[in-house]
Amino acid sequence: MDDSSMVGLLGRVTGTVGPGLVGEVIVRIRGGAEHFLAYPSSPKERMEPGTVVTVIEYLPPRTVYVARAYDG
């Protein structure tokens, strides 16, 4: 999988993402769903489990930077 194929995909937070934390998100990819370690794209943002996010950057093999997909 190349780096650009992950960017823009939607996922859901399964472990809190925020400052000083290594969070977790689940993303639908390759015909299934996979978990990735996650960091916020904005260093001060905190996202609780259940938040829908967009992948902003992918660092192989299992790390992503994410932002909220929807305001609210």
Between Tyr70 and Leu10, does the side-chain contact (heavy atoms from CB on, under 4.5 Å) criterion hold? Intermediate values first, please. CA-CA 11 Å; Tyr70 309 107; Leu10 293 179; 4.1 Å; yes
When hydrophobic residues are tied together by side-chain contacts of less than 4.5 Å, even through go-betweens, does [X] share a cluster with [Y]?
| X | Y | result |
| --- | --- | --- |
| Ile26 | Ile56 | no |
| Leu37 | Val13 | no |
| Val64 | Tyr39 | no |

Give a yes or no answer on whether the side chain of Ser41 reaches the backbone of Val66 with a donor-acceptor pair at less than 3.5 Å. yes
Thr54 side chain vs Gly8 backbone, donor-acceptor pair below 3.5 Å: no
Heavy-atom pair with the smallest gap, counting every atom of [X] and [Y]:
| X | Y | value |
| --- | --- | --- |
| His35 | Thr14 | ND1-OG1, 3.8 Å |
| Val53 | Arg12 | CG2-N, 4.4 Å |
| Val7 | Tyr58 | CG2-N, 4.4 Å |
| Pro19 | Pro40 | N-CG, 4.5 Å |

Flag the pair Ile29 / Glu34 as yes when at least one side-chain heavy-atom distance between them is below 4.5 Å, and no otherwise. yes
Spacing of CZ belonging to Arg68 relative to CE belonging to Met47, to within rounding of 0.5 Å: 6.0 Å
Quick one: salt bridge (charged side-chain N to carboxylate O under 4.0 Å, His left out) partners of Arg28, sequence neighbours excluded? none
